[in-house]
Amino acid sequence: MKIRTAVIPVAGKGTRFLPATKEIPKEMIPILTKPMIHYAVEEAVLSGIEQIVFVTSSGKTAIEDYFDRNLELESFLEKNNKEDMAKEIKRIGSMIEITTVRQKEQLGLGHAINCARDLIKDEAFAVILGDDLVRGNNPVTKQLMEISAKNNNSSVIGVMEVPIEETNKYGIIDGVPVNGSDKTYMMTRMVEKPDPKNAPTNLATPGRYILKQEIFKYLNEIPRGVGGEYQLTDAINAMAAESDVYAHIFEGNRFDTGSIRGYLNATVEFAMMDENLKGMMLEICREKVKKYE
Ligand code: G1P
């Protein structure tokens, strides 16, 4: 079954990036020349997604505008012989169909996803958390779709191994390998941010999910969880008790761009991976090491 829709929650306040996020959404902070949200949407497009549902709050209209056409800018660029850039601006504005829904109170990730329920209809959908950026040859969402398709169109959670002392930052899964695979698991349980001493494994989700529509039944039933919030993890855990939910260790490099360290890391890495910027970045880094070390 084709997965057409990706839900991307963007209602958060972005306090770790204040004061930058006082007037602009944190999702619009750029890594090199593209805002962070661009990478999440591009991942969706490259995975074959046809519609994005942004779960937004007030002050986030810049995100919708970014993915809309800007005819004035396009014609300005064309008139000034910047045809390539005009094309790129047009491409971004035509990339994908965008729909938004408001999350009026920030009551947790589970609550945010539940806000999209009326727009999903009777289909499985993807969830992409924009703070978690993953680079690799095969987009993560696409990798998870492939695992879902191979396993009866079941729900699939993207996971990666993390150091055991970091389990309290993530949703952690427990499961049984499928047919001796060292990458795909049948999930038995999912726990939100367990202390390392209680963590069932070190398999953490960095915010990539394929979810069957039935998740909404569980999202409606769960009580508030860790941090007093409605946790998506708790709904997935309840769903895994009654139906097949898989977890898959995806391929790719993940950056936590919601933290300053992860943001800096992504910025440097992306520059290194760009043929036009690599030399410049290396030169700057060498100079800085000499000057400050
Ligand atoms: C959320 C989820 C958590 C997941 C994490 C990935 O937590 O609740 O399960 O592992 O995103 O970034 P947050 O980081 O929003 O507290």
Side-chain angles (χ1 to χ4, degrees), residues 6-17 21 25-27 29 36-37 39-40 43 54-57 60 103 105-116 126-135 140-141 144 155-175 185 187 189-196 198-211 215 218-219 222-240 245-250 252-263 265-266:
V7 177
I8 307 187
V10 294
K13 293 267 173 272
T15 47
R16 276 187 279 187
F17 283 87
T21 47
K26 72 168 174 181
E27 294 78 10
I29 293 177
M36 288 190 213
I37 193 68
Y39 298 94
E43 176 187 322
F54 284 128
V55 182
T56 71
S57 58
K60 298 279 183 168
Q103 184 185 18
E105 284 177 280
Q106 269 69 72
L107 300 179
L109 180 58
H111 178 260
I113 303 305
N114 210 3
C115 290
V127 172
I128 299 178
L129 302 191
D131 276 356
D132 295 284
L133 223 152
V134 187
R135 283 208 106 170
V140 197
T141 297
L144 302 184
S155 297
V156 183
I157 315 304
V159 291
M160 62 182 188
E161 295 192 60
V162 296
I164 196 78
E165 61 276 13
E166 289 182 15
T167 56
N168 57 4
K169 290 193 196 160
Y170 302 97
I172 301 289
I173 69 107
D174 196 1
Y185 295 79
M187 190 193 289
R189 190 156 71 102
M190 189 167 182
V191 204
E192 181 69 3
K193 304 196 174 90
D195 270 353
N198 302 324
T201 65
N202 67 339
L203 294 174
T205 178
R208 293 295 185 282
Y209 315 79
I210 301 294
L211 297 171
I215 191 68
Y218 299 98
L219 283 170
I222 49 166
R224 288 178 191 250
V226 170
E229 296 188 336
Y230 293 100
Q231 297 291 351
L232 179 58
T233 294
D234 293 343
I236 295 172
N237 183 49
M239 183 165 70
V245 178
Y246 291 80
H248 180 70
I249 303 182
F250 59 82
N253 269 337
R254 178 260 183 177
F255 301 87
D256 169 18
T257 52
S259 73
I260 299 290
R261 190 180 201 288
Y263 173 73
N265 189 15

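As the structure is a computational prediction, the values presented were derived from the model and not from experiment. Note that ligands are numbered from 1 as they come in the structure, with each ligand's atoms numbered from 1 the same way.
- Residue nearest to atom 12 (O) of ligand 1, selected from D132, T205, L129: D132 (by heavy-atom distance).
- T201 places a side-chain N or O within 3.5 Å of a backbone atom of I173 that can act as its donor or acceptor partner.
- Put simply, atom 15 (O) of ligand 1 has no protein non-hydrogen atoms near it, under 4.0 Å away.
- The Q231 neighbourhood of ligand 1 comprises atoms 8 (O), with distances under 4.0 Å to a heavy atom of that residue.
- Checking only distances, E192 does come within under 3.5 Å of ligand 1, N or O to N or O.
- Among all non-hydrogen protein atoms, the one lying nearest atom 13 (P) of ligand 1 is K193 NZ, 3.6 Å.
- Between R254 and V140, the closest side-chain pair of non-hydrogen atoms is not below 4.5 Å.
- Between the side chain of R208 and the backbone N or O of L129 there is at least one donor-acceptor pair closer than 3.5 Å.
- With contacts defined as side-chain heavy-atom distances shorter than 4.5 Å, the pair V245/I157 qualifies.
- Taking a cut-off of under 4.0 Å to the non-hydrogen atoms of T233, the atoms of ligand 1 that pass are 9 (O).
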Mind listing the side-chain donor-acceptor pairs of residues 8-17 below 3.5 Å, one per line with the distance, residues two or more places apart or on another chain?
from : atom 1 : to   : atom 2 : distance (Å)
R16  : NE     : G258 : O      : 3.2

